[in-house]
Amino acid sequence: MPIDTLEKPTALPRTRSYSTTNNTRPVALATWEFGRIACDQSIRLLLKGQSILDAVESGITAVEDDPNVNSVGLGGLPNAAGVVELDAALMLGPEHRAGSVAALTDIAHPISVARRILETLPHVMLVGESARRFALQQGFPTCNLLTPAAKSSYEKWLSTERQNPPIGPSNHDTITLLVRDDHQNLAAGCSTSGLAWKTPGRVGDSPIIGAGIYVDNEVGAAGATGNGDEIVKVALSYRVVIMMEKGATAQEACVEAIHYLTQKCGDHLTGGAAVIAIRSDGSIGNAATSSGFTRSRRWLYAVNLSGRTEVREGRYVD
Ligand code: ASP
């Protein structure tokens, strides 16, 4: 058949019919209980008139700075060689720009390095020693991220197990933050030390655009947390945004994507996974695998819809 008689693929409709409400208030949505400070900080900045990138970066650095959060930034648990390796990503809806870093060491704010990549390079992602060198060239100071508490957990692991751990309830988590400003623009960011005692150089879903975070400014934003070795295989955040593009609500899209992840990767999905989303109209959704969570480790997210941040228990999906 001559090529010009082949039927042209029909593009997905990309109208603005995704909006069902006209909420113009800023919205912030973040993973886990520590997402509370990220939401508070990002909304505070938006209300002061700062940019959506400032809001996401600042919300995430607040968590990176907390030494008591043992899966993000300072105080993050190290890899099997005792080194804290950090992953982070940032995506800006307007202009569809992104920056990310993986296996970054000795730098307190990987999210800020991701932002510098987004703003200054024609690339999206830098990794390992080259990412560190870029950060130093850009004037980021070095710091020792291994706190005494993280070091002593590592030494305990060295003296007992000393092998690649299964992903469990207490050895991973990510701050993932989605923000919509009052101009209905969207941005997303995430930051993590990944899986404790991981093989050096292991990179999870978080810094991979489409897996850890994804934004389409006309449709919505999504971001993940949990077993990154599985999340990455289904491009979880991208899937949520595509479902919203096809007309699903934010909640329906999250449920469908987690259901798909469980179907495809259920056999390996130790530790569980969760996803959050904001649609362009400001409505929100969340879902987590029902496996991987227990009474002592519930799926929690933080949300600020009206000026006050609340921490809520999310929805579990089989
Ligand atoms: N997704 C992160 C990783 O696999 C960890 C987490 O969010 O729990 O690196």
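Just follow the structure's listing: the first ligand is 1, and inside any ligand the first atom is 1.
By the 30° and 60° cut-offs, the orientation of the rings of Trp197 relative to Trp157 is parallel.
Heavy atoms of other residues, nucleotides or ligands lying less than 6.0 angstrom from NZ of Lys264 number 12 at most.
Taking the side chain to side chain contact (heavy atoms under 4.5 Å, CB included) definition, one finds that Arg312 meets it with Ile284, Tyr301, Val303, Leu305, Glu310, sequence neighbours left out.
Contact atoms of ligand 1 toward Gly226: 1 (N), 2 (C), 3 (C), 4 (O), 5 (C), 6 (C), 7 (O), 8 (O) (distance under 4.0 Å to a heavy atom of the residue). Ligand 1 places these atoms under 4.0 Å from at least one heavy atom of Arg202: 3 (C), 4 (O), 9 (O). Listed by atom number, the atoms of ligand 1 under 4.0 Å from Thr225 heavy atoms are 6 (C), 7 (O), 8 (O). Close approach of ligand 1 to Asp205 is summarised as follows: ligand atoms under 4.0 Å from at least one heavy atom of the residue are 1 (N), 2 (C), 3 (C), 4 (O).
A donor and an acceptor atom, one from each side chain of Ser280 and Gln184, are nowhere located under 3.5 Å apart. In summary, the side chains of Asp87 and Thr192 do not present any donor paired with an acceptor at a separation below 3.5 Å, with no hydrogens or angles considered.
The shortest N or O to N or O distance between Gly228 and ligand 1 is under 3.5 Å. At a 3.5 angstrom cut-off on N or O pairs, Asp173 counts as close to ligand 1.
The hydrophobic cluster around Val84 extends to Leu74, Leu86, Leu145, Leu146, counting ILVMFWY residues whose side-chain heavy atoms fall within less than 4.5 Å of a member.
For Ser206, every heavy-atom contact with ligand 1 shorter than 4.0 Å involves the side chain, none the backbone.
The heavy atom nearest to atom 7 (O) of ligand 1, considering only Thr174, Asp87, Ile231, is found in Thr174.
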